[in-house]
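Only heavy atoms go into these numbers, but all of them, side chains included; no hydrogens, no water, no symmetry mates.
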Amino acid sequence: MGRHGWNSGARRWRLTALLGVGVAALALVLTLVSTLPGDTGSEAGTTRDGDKVHGTPAVPARTGPDVGWGFTHTQFSADVGSRTAVDRVAKRLSGRSVPQIQHIMGWGAGNPEPVKGRYDFAEMDRRIDFVRRTGGTPVVTLCCAPDWMKGGKPGSDRTDWSQESLETAPEPAHFEDYAALAATVAKRYPDVRHFIVWNEFKGFWHEDEGRWDHEGYTDLYNLVYKALKKVDEEIEVGGPYLVMDSQDPRQEENASTTLKGDWGTMDQRVLDAFDYWNEHKAGADFVVVDGSSYTKDDELLPDEFAATGKFTDVSRWVRERTGDLPLWWAEYYVEPADADDHRDGWSEPHRVAVHAAGLMAMARGGTSSAFYWNPQREKGPACAGCLWSPTDRAGGGEALPMAGLLSRFGEEFPPGTKYRKVPVAGAHASDVRVLADDGVVLVVNTLDRRISAEVDGKRLALDAYEVKWIGG
């Protein structure tokens, strides 16, 4: 969501690297150079052949608009670190074709086009190589935009990595340039068959009108959609990647009168933006949303498990409006973050149990693909909610509890799964969450204490917050 970490892994230009040159003198020279007429900025580290196919494209693991349950690479991931630790992560991921998202700028990737027509895909190449190595299904999120497309200065030495800059949308005059960049990315990685257009409407807010600039976003989306289809008609494209914000049900301003529940009330401005995009889009192969089970004020209503019912209700609302296009949640959150966007307050069993309930809720609503925003850390012994321990040392890269949940859920409940109702009985029937198909039953204890319940005719003992698989 808007508060999640966005930092780039780009190589930063540093004055101290220019040995023998006085800092003050260098600053003066740079100031003079930057004001010269026609200055386009440094092209160091860039090439003109951005659309040249990189490496050895893999045979796409999946075709069609559905990819299943996966995760997003953030600033730190397993593409760098100790070789032993990186190999450990790669081996585990190779066990099944895990869908993996990578953004083209930020979240581990550098500025892809620092100067118009000059490209630098070094970090992006490395991430795509890692996805290929693990046999994953690569998904690219087309965000964010080079500085020169949004009012900044061109140049490989001038990228502004502040959050305010990164979350600025391209100017309308550069929408076609951004669409051209998207096409360049598609040509460079022909095995990427799924593209998401932009991220959370970043930069598309009408401050004076107090609403989303859904017209501007849709204009950008349509140009990108057409540019990608021109590269290859079989490329799958989706949007609008809106944050499905909800608020306290007692709040009346901007409150939806139709989409609400015990978890809160949807912000009508979000629904209006979605409806506009849905009506005016050039086309879509799948639909993308994003959101949390908690309200904009970080309230879990009526509690952390029941709040996940929002995922079911929102999923059904979206599918009703899009003619049952495949639905993706590009991000989903069940645990509120602190001021630094860390989610360290829950024990790992608690976190896994609530996430399992969230995945169940999305599946019940008709969601077929969803991506866990992996809060990976560069180093350190602790990594709350991460999929694997940090890869900075040889002992790192060990699978953590969330990895086990996501891997098993994706394996047991792929796109197209037909779910069946399972009877639950006993004194604790209301404290158990269940999802099942013909081959397996997933059971979650929502209490922080040991209970017993009868599930699908079988008596089960469940430890505090236990997530149990039956069959399979």
Side-chain angles (χ1 to χ4, degrees), residues 1-6 163 167 199-202 205 210-212 241-274 289-318 329-365 367 370-373 375 384-385 402 405 430-433 444-449 464-465 467:
M1 296 178 65
R3 290 170 293 180
H4 57 52
W6 54 265
Q163 185 167 357
E167 295 188 351
N199 173 303
E200 296 186 332
F201 265 46
K202 286 178 168 61
W205 175 255
R211 69 172 180 86
W212 291 107
Y241 203 152
L242 272 163
V243 182
M244 306 304 282
D245 280 332
S246 56
Q247 55 200 34
D248 189 289
R250 295 168 296 182
Q251 182 177 328
E252 296 182 359
E253 186 178 11
N254 300 315
S256 169
T257 59
T258 57
L259 185 49
K260 54 188 176 180
D262 293 341
W263 43 266
T265 305
M266 279 297 301
D267 188 323
Q268 185 60 43
R269 296 170 297 181
V270 176
L271 304 185
D272 291 342
F274 185 93
V289 295
D290 160 345
S292 63
S293 58
Y294 45 86
T295 70
K296 291 188 288 186
D297 295 321
D298 291 345
E299 296 176 297
L300 288 160
L301 303 174
D303 59 59
E304 70 271 37
F305 286 96
T308 62
K310 172 183 173 180
F311 294 135
T312 301
D313 293 343
V314 171
S315 295
R316 288 173 176 165
W317 183 90
V318 170
W329 285 78
E331 302 173 41
Y332 60 91
Y333 301 90
V334 299
E335 180 182 2
D338 62 19
D340 296 319
D341 198 46
H342 292 154
R343 293 172 172 82
D344 300 348
W346 294 352
S347 68
E348 211 65 17
H350 188 188
R351 178 175 296 111
V352 172
V354 183
H355 270 279
L359 291 170
M360 290 174 165
M362 284 185 277
R364 289 193 195 96
T367 298
F371 294 83
Y372 179 65
W373 189 272
M402 279 299 302
L405 170 66
S430 62
D431 302 315
V432 172
R433 298 288 185 275
V444 177
N445 176 11
T446 66
L447 298 181
D448 190 16
R449 59 187 176 89
Y465 295 135
V467 175

With heavy-atom distances below 4.5 Å as the criterion, would you say the side chains of R343 and P375 are in contact? no
S315 side chain vs G365 backbone, donor-acceptor pair below 3.5 Å: no
Only counting residues at least two apart or in another chain, list the ones meeting salt bridge (Lys or Arg N to Asp or Glu O under 4.0 Å) with D248. R250
List, one per line, each side-chain donor-acceptor pair under 3.5 Å for residues 258-266, sequence neighbours excluded.
unit_1	atom_1	unit_2	atom_2	d
T258	OG1	S256	OG	3.4
W263	NE1	D313	OD2	2.8

With sequence neighbours left out, the residues meeting salt bridge (Lys or Arg N to Asp or Glu O under 4.0 Å) with D344 are R377
How would you list, by chain and number, every residue that makes a side-chain hydrogen bond (donor to acceptor under 3.5 Å, both in side chains) with T308, sequence neighbours excluded? none
Mind checking what makes ring pair (Phe, Tyr, Trp, His ring centres under 6.0 Å) contact with Y372, not counting sequence neighbours? H355
Tell me every residue that passes salt bridge (Lys or Arg N to Asp or Glu O under 4.0 Å) with R316, counting only those two or more places apart in sequence or in another chain. none
Partners meeting side chain to side chain contact (heavy atoms under 4.5 Å, CB included) with N445 (sequence neighbours left out): L447, I451, L462
T367 and F311, any side-chain heavy atoms less than 4.5 Å apart: no
Could you pull out all residues at least two apart from F201 that satisfy ring pair (Phe, Tyr, Trp, His ring centres under 6.0 Å)? W212, Y217
According to ring pair (Phe, Tyr, Trp, His ring centres under 6.0 Å), who are the partners of F305, at least two apart in sequence or on a separate chain? none
Contacts of H342 meeting ring pair (Phe, Tyr, Trp, His ring centres under 6.0 Å) (sequence neighbours excluded), chain-then-number -> none
With sequence neighbours excluded, what pairs up with D272 under the side-chain hydrogen bond (donor to acceptor under 3.5 Å, both in side chains) test? Q268
With sequence neighbours left out, what residues match E335 under salt bridge (Lys or Arg N to Asp or Glu O under 4.0 Å)? R351
